[in-house]
Every structure is written in C-alpha cells, then in structure tokens.
Trainee: 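Let me begin by handing over the structure; questions about it come next.
Only heavy atoms go into these numbers, but all of them, side chains included; no hydrogens, no water, no symmetry mates.
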Amino acid sequence: MTHFGEVSYVDLPAVFHLSARYADDPHPDKVNLTVGAYRTDAGKPWVLPVVRKAESMLAADDTINKEYLSMGGLPSFCEAAMKLALGENSLAIREDRAVAIQSLSGTGSLFLGFQFIAQFYNGPKDILVSNPSWGNHKLMIDRIPGLNFKQYTYYDAKTLQVDIDGMLADLEKAADGSVILLHACAHNPTGIDPTQDQWVKIFEIVKRKSFLPFFDMAYQGYVTGSFDDDAWAVRYFVENGLEVFVSQSFSKNMGLYCERVGNLTFVSGSAEVAHKCLSQLKIIVRSVYSNPPAHGARVASMVMTNRELRPEWETNVRDMHGRIRRARSALHTALKTCNVPGSWEHILSQNGMFSYTGLTSRQCELLIEQHHIYLLKTGRISMCGLTEANAKYVANAIKDVIEATKGE
C-alpha cells in the first residue's frame, strides 16, 4: 500500500541532466559549458588561496566550538555582507534602517525574501521577473502560495542587447506596488546588464509606481572586478530612498559553493520597521531549518574583515574576472579566425559568467550530439568552461552547426 501512488515523475533541470551526460561522455574533446561554477584555465575547480588561509586560521583557533548559531546567523558575517552590498559608509546602515540575515546561499536568501513577501507584503503579490531569467526564480515563486510569477521584456534577440524600451513599457503596464526582481549585475542567463543611464530610467519607473525592488546579486565582483562598481545599481536605489531587498551569494565570488553561504539584506525607511521585519524573517528560518551552518559564514566573515585577507580576496576576485575576460577574448578571436558566420561582438560586450550566444535550439542540439559540447538549448554558455586550449574546437563546431542548419 502507498499513499503516494498519484505522484508523477518530474525531470531534473536541464543543467543537471546535461552535466550528468557530460560526466558519462568518454569523448576526449568534450566540453562542458553548462554549470555556473568557476573553472581555472585547466578546467578545474579553484579553492581560493585566501579561503585556504582562512580555514587554516579557523582550524587553529581552539576557542571555536560547534554550538548552534542563532536563527539570524553569524552577526559578524551579516554585518560584513551588508556592508559589501550597501557600502562601508552606507547611510542606511548608520541609521540602523538596514538589517541582514544569514541564508543558505543566494537561493536561500531569495526563498526567505519570497516567503516574507507572501506573508506580510501589503501590495500586489505579483513578482515581476525578467524574460529570460534564472530558472530557479520561477520554480521558487510558483511553489509559494500567494505569489504570482509575471515577466517583463528584457532581452532583444535581434540586437543581443537589453530591450530597454520593451522593458520600460512592460513595467508601465504592471500593477502599481508590484515586486520587481532585478539582477544587480552579470545578468543570468544573458550576461547583458543595463547601463547606468538605463538603470536610472528603471529606477524612475520603480519609484513612481511604488514597486518593491528585490535585487539578486549572485555575482558581485564578476563584471568589473570591483565590488563597489558591481553594486552600483543596488546602492543607487537605496541612496535614493527606496525600500529594498538584496539577496547575496558567496558561492561565486568566494568559491564557497558547497558551504551554502548567503545573506539577505532589507533596507527600510524606518529602523523600527526594519527590525520588526528582521524578527519575522528569523521566525521563517526557525520554521524551515532553525539556524544556518557556521563554517562557511566564519570563513566569509574572516575573509571580509581581516586586514590581511581582505586585499588578497579582492585580488583573487580580480583574477577570476580576468580569467573570464580572457575566455571571452579567446572565443571571440577563434570565431573570427575560423570565419564563423555572423557578428560575435556580443561575446566581448556581455558580462560575468554567462553568455547568450544567439545559437538556436537546433544548433545547440547538434553541438551536443555531434561535437560533445554541452550547453543549454537557449544558447546560454558558461564562459568558465572555455579555455585557450578548447576555444578553437568550440568555434569550429559552432561554424559547423551554423552551416548545417542554414536555411532551416
């Protein structure tokens, strides 16, 4: 007997399925362009040297124990993460209008924010999300009762740029008071970010229509190599008086993928309101996982606050940023050298870990089946899977599938 006979099987997200296929593929020239995780020039995962140092220092500290953290997490981590997002001299922090809570990486901070909005937000429960966006955004929103997933135009497939006119037009049509989810930098999956002038136009509509901005900032440091520059949009919205949620992940910029280190910052116009909201966020944590893990937060806190480690971390992040820029350049050069049809300047102009290539679903299928190059059918590739050693192979394969589908 079973009470669950009506449960249907659900397919895993494509990125996990394709990664499994890649792992099982014996082809010597296979290339994995799917997963959003940093890789070295040799195609290997990288534990940041500064993280190794912090872990050694923590291991040698006999005062550290294995007691539970509080519901809100490690205070020193939350404070440092909040300052990383809002700036060391943030007025909102000085006025105690900004609060932070540790989360299970970026996914967990988004989940906490969405749960809080579903329970307490007094405006429309419409969550406006860019089209396209990270697939987990829709998955989470759809599974939280009371929230409504809505999309706004973002990507222009013809120009391979932000469709700012289409985006602003859609925001004008959205219900006043809606929640708008914004990628702070290194938009996933397109790699295309608004310019500062475009951010100002977005801000003006958000303010006029009383939207609640919710920033997803998973790649701070990956666009420019500067934490401050990559947080420009977040800080502009906060400094100009908006109430804001900010989700942060330390998977990418600190390499703490498996430690699940994240933070949710909330900025209000009132210190009293901010702390009331923080208390409710803690109760949500209590009901789901009681309290967050300590090790990754201790590492991140030490790296962000230690005077010797912080500059080294900034150097490590610049190294990752530089490696990704070199991968973009290598692919672009190979595409031009191999005379691949089309313009490929967008490979250079896009930012962060991902690139929207403009390849069709059929072309992506052929890359997988005939050339053992694994990528999503949307044409999104992770630049970290590219190296100077495989760029020419990938470029020639792209040329082959474009020519094979000519006229389709």
Side-chain angles (χ1 to χ4, degrees), residues 14-15 18 31-39 106 129-137 151-164 166-167 181-196 198-199 202 215-226 229-234 249 251-253 317-318 320-335 340 342-361 363-364 367 373-387 391 394-395 398:
V15 65
L18 288 169
V31 181
N32 187 0
L33 303 180
T34 60
V35 180
Y38 181 78
R39 295 291 183 266
V129 182
S130 66
N131 182 19
S133 192
W134 181 45
N136 223 16
H137 288 149
Q151 289 185 303
Y152 57 83
T153 298
Y154 187 82
Y155 173 68
D156 187 331
K158 292 182 179 179
T159 65
L160 305 179
Q161 299 294 328
V162 173
D163 183 355
I164 189 64
M167 178 180 180
L181 186 66
L182 296 161
H183 298 237
C185 61
H187 183 273
N188 180 5
T190 67
I192 306 166
D193 295 327
T195 64
Q196 288 190 5
Q198 290 172 338
W199 273 120
I202 295 166
F215 283 96
D216 184 350
M217 188 158 60
Y219 300 93
Q220 189 178 3
Y222 264 62
V223 173
T224 64
S226 163
D229 290 346
D230 284 3
W232 186 89
V234 171
S249 168
S251 293
K252 308 315 192 282
N253 60 18
V317 170
R318 286 194 295 270
M320 290 189 286
H321 164 258
R323 147 86 177 105
I324 293 172
R325 295 308 307 179
R326 290 193 301 274
R328 289 186 179 277
S329 180
L331 179 60
H332 177 263
T333 298
L335 290 164
V340 181
S343 172
W344 298 97
E345 297 307 308
H346 57 284
I347 299 296
L348 295 177
S349 64
Q350 293 170 1
N351 295 310
M353 186 172 286
F354 301 111
S355 178
Y356 242 33
T357 59
L359 296 170
T360 67
S361 177
Q363 290 165 347
C364 294
L367 284 172
I373 297 172
Y374 293 84
L375 72 166
L376 298 182
K377 66 179 182 180
T378 58
R380 187 203 83 169
I381 61 173
S382 173
M383 301 308 299
C384 294
L386 286 161
T387 66
V394 172
I398 290 174

Trainee: Report the C-alpha separation of Tyr154 and Val162 in whole Å, then their side-chain angles, then the decisive distance to 0.1 Å, and conclude whether the side-chain contact (heavy atoms from CB on, under 4.5 Å) test is met.
Mentor: CA-CA 6 Å; Tyr154 187 82; Val162 173; 3.8 Å; yes
Trainee: At what distance, to the nearest 0.5 angstrom, does CD1 of Ile347 lie from OH of Tyr356?
Mentor: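 So the gap between those two atoms works out to 13.0 Å.
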Trainee: What orientation do Trp199 and Phe215 show, parallel under 30°, tilted 30 to 60°, or perpendicular over 60°?
Mentor: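 Plane angle between 30° and 60°, so tilted.
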Trainee: Restricting to non-hydrogen atoms, name the atom on Leu182 and the atom on Tyr152 that form the minimum distance, rounded to 0.1 Å.
Mentor: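 The answer is CD2-OH, 3.6 Å.
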Trainee: Quick check against the 3.5 Å criterion: does Arg380 have a side-chain atom that pairs as donor or acceptor with the backbone of Gly191?
Mentor: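 No.
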Trainee: Are Pro132 and Thr190 packed together at the side-chain level, in the sense that at least one heavy-atom pair is separated by less than 4.5 angstrom?
Mentor: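 Yes, close enough: below the 4.5 Å cut-off.
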Trainee: Which pair of heavy atoms, one from Tyr219 and one from Cys185, lies closest together, and at what distance?
Mentor: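 Of all heavy-atom pairs spanning Tyr219 and Cys185, the closest is O-SG, 3.8 Å.
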Trainee: Measuring from Leu18:CG to Leu375:CG, what's the distance to the nearest 0.5 Å?
Mentor: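 Taking CG in Leu18 and CG in Leu375, the distance rounds to 8.0 Å.
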Trainee: The test is side-chain contact (heavy atoms from CB on, under 4.5 Å); show your working for Asn188 and Met353 and say whether it passes.
Mentor: CA-CA 8 Å; Asn188 180 5; Met353 186 172 286; over 6 Å; no
Trainee: Just by distance, do the side chain of Thr333 and the backbone of Ser329 share a donor-acceptor pair under 3.5 Å?
Mentor: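 Yes: the side chain of Thr333 pairs with the backbone of Ser329.
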Trainee: Under the 3.5 angstrom rule, does the side chain of Asp230 hit a backbone N or O of Val223 as a donor-acceptor pair?
Mentor: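 Pair found, side chain donor or acceptor close to backbone of Val223.
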Trainee: Taking all non-hydrogen atoms of both residues, which atom of Trp344 and which atom of His332 are closest, and how far apart?
Mentor: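 Heavy-atom minimum between the residues: O-CD2, 3.2 Å.
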Trainee: Going by heavy atoms in the side chains, are Lys252 and Met320 under 4.5 Å from each other?
Mentor: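 Lys252 does not reach Met320 side chain to side chain.
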Trainee: Can you tell me how far apart CE (Met167) and CG (Asp156) are? Round to the nearest 0.5 Å.
Mentor: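 So the CE of Met167 and the CG of Asp156 are separated by 14.0 Å.
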Trainee: Nearest 0.5 Å, please: how far is CE in Met383 from CZ in Arg323?
Mentor: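 It comes to 8.5 Å.
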Trainee: Please give me the minimum heavy-atom distance between Thr34 and Ser382, naming the atom from each residue.
Mentor: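 Closest approach of Thr34 to Ser382: O-CB, 4.2 Å.
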Trainee: Main chain of Ala186, side chain of Asp193: is a donor-acceptor contact present, judged purely on distance under 3.5 Å?
Mentor: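 Judged by distance alone, yes, a pair lies under 3.5 Å.
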Trainee: Checking side chain to side chain contact (heavy atoms under 4.5 Å, CB included) against Cys384, which of Val35, Leu33, Ile324 comes through?
Mentor: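 Option passing the side chain to side chain contact (heavy atoms under 4.5 Å, CB included) with Cys384: Ile324.
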Trainee: Which distance, rounded to the nearest 0.5 Å, do you find between the CZ of Arg326 and the CG of Leu386?
Mentor: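 Here the interatomic distance stands at 13.0 Å.
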Trainee: Look at the side chain of Arg325 and the backbone N and O of Leu348, then say whether any donor-acceptor pair between them is shorter than 3.5 Å.
Mentor: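 Such a contact is found between Arg325 side chain and Leu348 backbone.
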Trainee: With the side chain counted from C-beta on, respond yes when Ile202 and Pro194 share a heavy-atom pair under 4.5 Å apart, and no when they do not.
Mentor: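 Yes, side chains in contact.
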Trainee: So which atom in His187 and which in Ser130 form the shortest heavy-atom distance, rounded to 0.1 Å?
Mentor: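 Nearest heavy atoms, His187 then Ser130: NE2-OG, 3.0 Å.
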Trainee: Is it the case that the side chains of His183 and Ser133 hold a donor-acceptor pair, with the cut-off being a distance below 3.5 Å and no angle test?
Mentor: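 There is such a pair (donor and acceptor under 3.5 Å, judged by atom type) between the side chains of Ser133 and His183.
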Trainee: Quick check: closest heavy atoms across Gly225 and Arg318, and the distance to 0.1 Å?
Mentor: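 Nearest pair, atom of Gly225 first, then Arg318: O-CG, 3.5 Å.
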Trainee: Quick one, Asp216 with His137, criterion side-chain contact (heavy atoms from CB on, under 4.5 Å). Give me CA distance, side-chain angles, the key distance, then yes/no.
Mentor: CA-CA 10 Å; Asp216 184 350; His137 288 149; 2.8 Å; yes
Trainee: Can you check whether Gly379's main-chain N or O pairs, donor with acceptor, with Thr357's side chain at less than 3.5 Å?
Mentor: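 Between the backbone of Gly379 and the side chain of Thr357 there is a qualifying donor-acceptor contact (under 3.5 Å).
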Trainee: Please walk me through it: do Ile381 and Leu331 pass side-chain contact (heavy atoms from CB on, under 4.5 Å)?
Mentor: CA-CA 12 Å; Ile381 61 173; Leu331 179 60; 4.0 Å; yes
Trainee: Nearest 0.5 Å please: distance from the CG atom of Asn351 over to the NE2 atom of His321.
Mentor: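 If I round to the nearest 0.5 Å, the distance is 7.5 Å.
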